[in-house]
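Here the structure is laid out as C-alpha cells; the discussion comes afterwards.
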There are 2 protein chains.
Amino acid sequence: MSAENPTLADKLATAIADGILSGALKPGTRLDEMGLAEQHGVSRTPVREALRQLAMSGLIDMRPRKGAIVSKATPDQVESLFVAMAEMEATCARLAAISMTPIERRRLQARHEAMLVLANAGQTEAYSDANVAFHGAIYAGSHNAPLAEYAMNLRRRVGPFRRAQFQVEGRLVRSNQEHDAVVRAILSGDAAGAHAAMLHHVSLVEDAFEAFAATNAA
Amino acid sequence: MSAENPTLADKLATAIADGILSGALKPGTRLDEMGLAEQHGVSRTPVREALRQLAMSGLIDMRPRKGAIVSKATPDQVESLFVAMAEMEATCARLAAISMTPIERRRLQARHEAMLVLANAGQTEAYSDANVAFHGAIYAGSHNAPLAEYAMNLRRRVGPFRRAQFQVEGRLVRSNQEHDAVVRAILSGDAAGAHAAMLHHVSLVEDAFEAFAATNAA
DNA sequence: ATGGGTCTATTTGCATACAAGATGGATGCC
DNA sequence: GGCATCCATCTTGTATGCAAATAGACCCAT
C-alpha cells in the first residue's frame, strides 16, 4: 500500500510501528491521539487513520471510545502468536521447497553459509540482521504474496515479545544448525522436510524466548 | 475488533465489506468517499477510516490521492489467494487435529453428518451455509486466534472470486466426501493426515472455481 | 488529425470545530 | 469511614471547511 506518495497517515503508521518495534513504545502504552498529533506536528485526523491501520495489523488494540494501546498480550496470546508464526514460517518453507527458482535456491544457500561464519564468530548483532533477511528470503521463496506478507506481519508482531532471543548462551550456533536442516530440505525440494525442519527451528526460538524471559523474571 | 459499541467507521467497514462480499460491489469498482458518505448519510471522516481499515484487510486497494477501488486481482493473484487459503485451512486442520477438545470433535462430527444429509438432498444453499460454519469450526479448533482470523480473512477475500462454486455438477457430494477424510483425520488426531486432506479438499475447490469460471467465460 | 499543454472541476488529504461518551474526583449519604 | 452518585474534565468520534493534487476536457499548434 502506498508506495511512492506516502500520505501523512502512512508515515505516521510506520513511525508509530517503528516506535513499537524498537521498544520505545512498550506493550500497554496508551496512544492518545492528541499527544501523537502534536508530537508529530499534525492534526488528529491522520493520526486516527494511522491508528486504525495499525489496529488491523494487530500491533495495537483499539476499543471504541476508549482509545488505543500498544498490543498487550497475555502469555497465552503470546504463545498463540509464536505458534502462528511457526506455522506460517513452516508453510512458507514448504512452498519454498516447491517453488523456489534455482537462483533463489543458490542465494539462500549463500546466505546460509555466510551466516555460519557470523555464528562462529559470535557476531550476535550481524547474525540477527542476517537472520531476518534469511527468513525473509524464505517468505519470498514461497512465491505467495499473501502468505509472505502475513508471515512478515506476524514476525513484526512477536518482535516486542522476543527481543534479544540470541542472548541465550549458544543460541547462535544452534540456530545455524537448525537453518542447515531447513536449507537442505528446501534445496532438495523436500516439502514435508522443509515444513518440519522450520517448525522445529521456530519452536526452538520460542523456547529460547521463554528461557530468556524466565532468566529475566528471576 | 470493536465488539459492542461499534463506531460509525466500524459499521461502515462491515457494510462496505458486505457489499463487496455480496457482489453488489464488483472488483474494480471505484469507492469514492463522498458517494459512500452521502449514501450512508454520514460525513467523509468515518468513511475514510473504514476504507483504511478495509485496505489493510486486503478487500480494497487504496492508492494515495487516487482513491480506493474494490480489490481487482490478476489471475495470478487470485491463484495466490487460493493457494494461501488452502495452506491456511490445512494448517488450521493440522492444529485442530492436535488441539480440539473432545466436545469440539463431537460437534465437528455432528456438523459433518448433518451436511451429508444436505448434500444428498441437493440443498445447495443450506449446504453452502453449513460449509462456512464447518470450516469456521475447524479454524476455531486450531485454538489459535491469529491463524483462525487470517484464515477467515482469506476466505472473505477469495469470496468475490469464487461465488457459486457449488454450482459445478456433483460438487456437493464430492465436497462432503472430502470433508469426510478431513474429519476422520482430525478425530483420530492425525495431524499430517488432516493437513493433507484439507489441502486436497481446498485445492479441489479451487479447481471447481476454475471450471466454473471457464464455463462462464465460454 | 494528433500530440501537447493548460485550465477547470472533481476528489482526496488535512485541519479545525463541534458533539458525545468515558474517566476520575469531589461531594453527599449511609 | 466506606460507598454510591453526580459533576467536571478530558478523550474520542463525527462533521465541516479549506488546500492541494489529480484527472479530464478543451484548445492550440504542428
Side-chain angles (χ1 to χ4, degrees), chain A residues 1-20 24-73, chain B residues 1-20 24-73:
Chain A
M1 137 217 33
S2 75
E4 266 323 299
N5 258 346
T7 159
L8 263 188
D10 289 327
K11 290 192 245 178
L12 285 170
T14 65
I16 297 171
D18 284 351
I20 297 174
L25 297 169
K26 295 192 191 70
T29 303
R30 183 182 180 77
L31 299 166
D32 83 293
E33 302 171 356
M34 199 104 101
L36 289 170
E38 61 188 38
Q39 176 179 337
H40 289 85
V42 299
S43 86
R44 280 177 49 218
T45 310
V47 172
R48 284 179 60 80
E49 293 181 5
L51 289 181
R52 210 158 249 281
Q53 184 169 330
L54 292 172
M56 285 305 286
S57 84
L59 264 183
I60 72 174
D61 285 341
M62 283 184 85
R63 286 187 1 217
R65 302 165 201 290
K66 300 238 283 184
I69 62 167
V70 179
S71 279
K72 183 169 60 178
Chain B
M1 139 213 35
S2 76
E4 265 323 299
N5 259 344
T7 147
L8 265 188
D10 289 327
K11 289 193 244 176
L12 285 170
T14 66
I16 297 171
D18 284 352
I20 297 174
L25 298 169
K26 296 191 192 70
T29 303
R30 182 181 182 77
L31 300 166
D32 81 295
E33 302 170 356
M34 199 104 99
L36 289 170
E38 62 188 36
Q39 177 178 337
H40 288 84
V42 300
S43 85
R44 281 176 49 220
T45 309
V47 172
R48 284 179 60 81
E49 294 183 5
L51 289 182
R52 206 159 255 280
Q53 182 169 332
L54 292 173
M56 285 306 286
S57 83
L59 264 182
I60 72 174
D61 284 341
M62 283 184 86
R63 280 178 11 207
R65 300 165 199 290
K66 296 242 206 124
I69 62 167
V70 178
S71 279
K72 184 168 60 178

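From a predicted model like this one, the values you see are computed outputs, not experimental measurements. Below, chain A is the first sequence line, B the second, and so on; all start at residue 1.
- As rounded to whole Å, 13 Å separates atom C1' of D/dA21 from atom CD of B/E33.
- Rounded to an integer number of Å, the gap from CZ of A/R44 to P of D/dG13 is 8 Å.
- At the phosphate of D/dT12, neither OP1 nor OP2 sits under 4.0 Å from any side-chain N or O atom of B/N5.
- B/T7 contributes no side-chain N or O that forms a donor-acceptor pair with the base of D/dT14 under 3.5 Å.
- Note that the CD atom of A/Q53 and the CG atom of A/L59 stand 10.5 Å from one another [nearest 0.5 Å].
- Protein atom CE of B/M62 is 9 Å distant from nucleotide atom C1' of C/dT12, rounded to whole Å.
- Comparing B/T45 and B/R30 along DNA chain C, the residue whose closest nucleotide (by nearest heavy atom) sits nearer the 5' end is B/R30.
- Rounding to whole angstrom units, CG of residue B/D32 and P of D/dA23 are separated by 15 Å.
- In this structure, A/G41 and A/K66 both approach DNA chain C, and ranking their closest nucleotides by distance from the 5' end singles out A/G41.
- Going from atom CZ of B/R63 over to atom P of C/dT12 covers 13 Å, rounded to whole Å.
- For D/dG13, one of the phosphate oxygens OP1 or OP2 lies less than 4.0 angstrom from a side-chain nitrogen or oxygen of A/R48.
- Of all non-hydrogen atoms in A/A37 and A/V47, the two that sit nearest each other are CA-CG2, 3.7 Å.
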Legend entry - salt bridge (Lys or Arg N to Asp or Glu O under 4.0 Å) evaluation trace for B/D10 with A/R52: CA-CA 10 Å; B/D10 289 327; A/R52 210 158 249 281; 3.1 Å; yes
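- In this structure, A/E38 places its CD atom 13 Å from P of D/dC10, rounding to the nearest Å.
- Atom pair B/M34:CE and D/dT16:C1' shows a separation of 12 Å (rounding to whole Å applied).
- Rounded to whole Å, atom P of C/dC14 lies 8 Å from atom CG of A/D10.
- When side chains are defined from C-beta on, A/L12 counts as touching A/V42, because their heavy atoms get closer than 4.5 Å.
- No donor-acceptor pair under 3.5 Å is formed between the side chain of B/T29 and the backbone N or O of B/V70.
- The side chain of A/R65 lies closest to D/dT12 when the candidates are D/dA15, C/dA15, D/dT12.
- Taking only side-chain nitrogens and oxygens, A/S43 comes nearer than 4.0 Å to OP1 or OP2 of C/dA15.
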